[in-house]
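The figures that follow rest on heavy atoms only: side chains count, while hydrogens, waters and symmetry mates do not.
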Amino acid sequence: MTSKEFKKQSNNRIALVCAICVGCCILVLGKILYLNVSGAEKRQSYEKIDNRIVSGVRGDILSDDLQPLATTVTSYNPYWDSRRVSKKVFDKNIDSLAYKLDSLFAYRKLEKSFREKLVNTHQKQGQMFLPKRLGVDELNALKTFPIFRKGRMNGGFVENSQNERRVPFESLAKRTIGYEKEILDENNDKKTIRRGLEQSYHDVLKPEKRLMVMEHIKNIGWVSAYDASGTPKRGKDIQTTINIHMQDIAEKALRKQLVKHQATYGCAVVMEVETGQIKAMANLQVSKDGQSYNEDYNFAVGKASPPGSTQKIATLLALLEETNVSLEEKIYVGKGYKNYHGFEVHDSKRPESEYLSLRKIMEKSSNVGTTEFAMKYFGDVVGGDKRFREKFDDFLLSQKTGIDIIGEPQPYVRKQGEEGWSAISVPWMAYGYESEITPLQTLAFYNAIANNGKYMKPYLVSKILDNNNVVKQIEPEMVKQICSEESAKLAKEVLIGVVNNGTATNLKLSNLQLAGKTGTAKLEENPGIGYKHIYQASFAGFFPAENPKYSCIVLVNQPTKDGYYGNQVAGPVFKEIAEKYYLNRETPKVLFSELEQSHNINSNPDCKVAYAQDLQTTLEYIGVPFGVKTDKDWVVADDENYGLSLLGRDFYDSQKVPNVRGMGLKDAIYILELFGLNVEFENYGKVVSQSITPGSRFNSGDIIKIRLQ
């Protein structure tokens, strides 16, 4: 072979090798390109990592006995990331894992066994969703299952929690509790708005925010890239002064009257006399379609209007404080009509006599009598009008109460010398006009009378808690002594007389003395035109009158059917609150007086399952010794050899039907409805049977029948 031929053959071989190499390179590059293109979507589903701000859990709003009024409920939407599990581990544990999952979620009646889903998911190296909205018990069970027990990195089990703000008692005190939600502003940007206590105590309730490493999973969203350790700290809790039972009674009584009288809106507020704590605050307004009443605005705190005849007690107190008038002093009222500089004042009914005492004028709510006394001692006296107006400042009716919720307006009481002040200002103010005051501001004044002249600042939050530890205690605050104890005592006498002998005799109770004042105000339909026949009914007072514990105001706006006077429309709400709450829940003395008189209690009574505080109060009153062996809210009495012991009963596994056997009807309905069950019952006494076995799974809205005897 010549050198020329050898060289040619070598070049051919080199070319062949180069061609093979180039071909291999093309194949490798093609494969890489294929993997990048075809796998892009797959990688995108789980390979996006970023540092993101994560918020902790918002604090709870609690009732006075620590029941949740607004709470952040954590539910879990776990999934399984099969990439983390080797084929060897999967094949070894697939059967036991599938069996465990089928057993745990059997109540959900899923169409397919989990085994097929697990196998398909592992073959595709993807993620498999598990049932959603799981409770912590189901989550903890999943963590013990084969494969899942290895955690996120080795077992692929991801908790994927989500927080949802809930109000367990739904509409109860809805506007007072408030809300937090995101809306879009005029620029289509997200904006968070808050109302009620959610707004006022936002800085307390808001949780910690922390920068965390997050992983974005397609169809799931952003989740922690690691196990959920070191999560941001939750917000603090606030314990309110709201009593759930009183709030429920107030709302139901108010709603009943609004429906009966077809009114526009109404409110009812109950305050603890000695402390100023708000125990109930109900606000209801007719819906746009006129078919229902909803709690969408806090009229008690935010809506000022002419108080009408409830303001006559301020006139009475001014007379008692500034003059030497007595309750028995009489004045001429004629036929119940008086003209002041061309403006008429008249009584709703013709007076029983042409001369009435100050006491009788207040009891019968005589407009003419009230204005005549005001004119005699203030309007017709040099400098008297100034002194009269200043008394409204002294009584704090011209300033805010300072309640710890945003939205309270400055009350308006016309001042001497300002535009609009005239010769008729004294008589008009005397019986409730030329002023605009909120129901809460009026109530705080009445509460001071019940409290011997001590004006207490109303408040809604008593404690701030961090992990159940009290970090701040809000103490009652006396703002001012607005009048002498003697004047307050005489005003109390008059308010008792209103119920016993005056305009509110329809509110009398045989076993509880009420005290209060009716109010009926004409409202101005169109500002500048004058007062039209649009009315607002109210009733303000306190109970029990001899030693007041609670003050209360009820206001009903624009009743259009079956009357419009304060005693007809607002008074019955006041009466029902006093009767149903104070007598039925706070006064075991009344409930057990007959038993005490007719029996010698020498053995343990037959106690039913009950709310712990109620049962303890009852047993203490009737003198039965007992021991408490639990810190639960609900107890069952165990009659042991050495005495009665109260043992806890826990109802708070939200996935299972609670055991209400042995409970009274009210408590049983309360618990079952709290769980979302619809209750039907027969007979009275204690619950002896329930149609759904305790501990069973259920669906919200299921009907449960209970029998009592």
Side-chain angles (χ1 to χ4, degrees), residues 246 249-263 266-270 280 282 307-313 316 336 347-352 356 359-367 369-370 431-432 439 442-443 446 449-450 491-522 535-546 548 550-584 587 590:
M246 186 175 281
I249 291 167
E251 285 192 18
K252 287 178 178 176
L254 179 63
R255 187 184 303 275
K256 182 167 64 178
Q257 286 297 99
L258 292 176
V259 171
K260 177 181 178 180
H261 296 282
Q262 296 184 8
C267 63
V269 188
V270 183
S309 293
T310 55
Q311 190 162 287
K312 289 174 182 174
I313 300 302
L316 170 67
D347 292 339
S348 59
K349 294 181 180 179
R350 181 167 178 167
E352 58 192 53
L356 295 178
R359 182 192 300 274
K360 186 62 69 174
I361 284 168
M362 291 295 156
E363 289 178 353
K364 296 296 185 180
S365 199
S366 168
N367 297 332
T370 303
Y431 78 113
T442 298
L443 177 61
Y446 273 77
I449 294 173
K492 283 189 215 177
E493 285 184 21
V494 168
L495 293 170
I496 291 172
V498 171
V499 175
N500 290 346
N501 311 304
T503 55
T505 54
N506 62 309
L507 307 182
K508 288 173 69 173
L509 290 168
S510 60
N511 47 4
L512 178 63
Q513 179 63 64
L514 306 180
K517 180 72 185 72
T518 55
T520 308
K522 285 184 180 180
Y535 294 95
Q536 183 166 273
S538 60
F539 188 91
F542 43 85
F543 57 89
E546 305 87 347
Y550 297 109
S551 60
C552 176
I553 189 167
V554 179
L555 180 144
V556 176
N557 179 268
Q558 297 189 43
T560 60
K561 183 180 178 181
D562 295 336
Y564 55 83
Y565 289 112
N567 68 322
Q568 299 171 310
V569 180
V573 180
F574 180 97
K575 178 182 179 180
E576 188 167 336
I577 292 170
E579 185 174 27
K580 288 190 174 180
Y581 184 80
Y582 189 79
L583 289 183
N584 293 350
T587 317
V590 175

pair [X]-[Y]: side-chain heavy atoms closer than 4.5 Å:
X	Y	answer
Ser348	Thr520	no
Asp562	Gln568	no
Asn367	Lys312	yes
Cys552	Val269	no
Val573	Ile577	yes
Lys364	Lys349	no

Checklist entry - So Tyr550 and Tyr582, would you call those rings parallel, tilted or perpendicular, with 30° and 60° as cut-offs? => result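 It falls in the perpendicular class, over 60°.
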If you measure from [atom1] on [X] to [atom2] on [Y], what distance do you get to the nearest 0.5 Å?
X	Y	atom1	atom2	value
Ile553	Thr442	CD1	OG1	4.5 Å
Glu576	Lys256	CD	NZ	3.5 Å
Ile449	Leu316	CD1	CG	7.5 Å

Next on the checklist: Pair Lys517, Ser365 - check side chain to side chain donor-acceptor pair (under 3.5 Å), show working.
Outcome noted: CA-CA 8 Å; Lys517 180 72 185 72; Ser365 199; 2.8 Å; yes
Next on the checklist: Using the salt bridge (charged side-chain N to carboxylate O under 4.0 Å, His left out) criterion, which residues pair with Lys252? Sequence neighbours excluded.
Outcome noted: Asp248
Item to check | Set of salt bridge (charged side-chain N to carboxylate O under 4.0 Å, His left out) partners for Arg255, sequence neighbours left out | outcome: none
Heavy-atom closest pair, residues [X] and [Y]:
X	Y	answer
Gly369	Ile361	CA-CD1, 3.5 Å
Gly497	Glu363	CA-OE2, 3.4 Å
Val556	Pro559	O-CD, 3.9 Å

Checklist entry - Of Tyr446, Phe543, Phe542, which meets ring pair (Phe, Tyr, Trp, His ring centres under 6.0 Å) against Phe574? => result Phe543
Taking [X] for its side chain and [Y] for its backbone only, find out whether a donor-acceptor pair lies under 3.5 Å.
X	Y	result
Gln257	Val569	yes
His261	Thr560	no
Thr310	Gly519	no

Checklist entry - Which residue pairs pass the side-chain hydrogen bond (donor to acceptor under 3.5 Å, both in side chains) test with at least one member in residues 496-506, sequence neighbours excluded? => result Asn500-Gln513, Thr503-Thr518
Checklist entry - Would you call Lys575 and Glu579 a salt bridge, taking side-chain N to carboxylate O under 4.0 Å as the test? => result no
Item to check | Candidate pair Tyr431 and Gln311, rule side chain to side chain contact (heavy atoms under 4.5 Å, CB included), full reasoning | outcome: CA-CA 6 Å; Tyr431 78 113; Gln311 190 162 287; over 6 Å; no
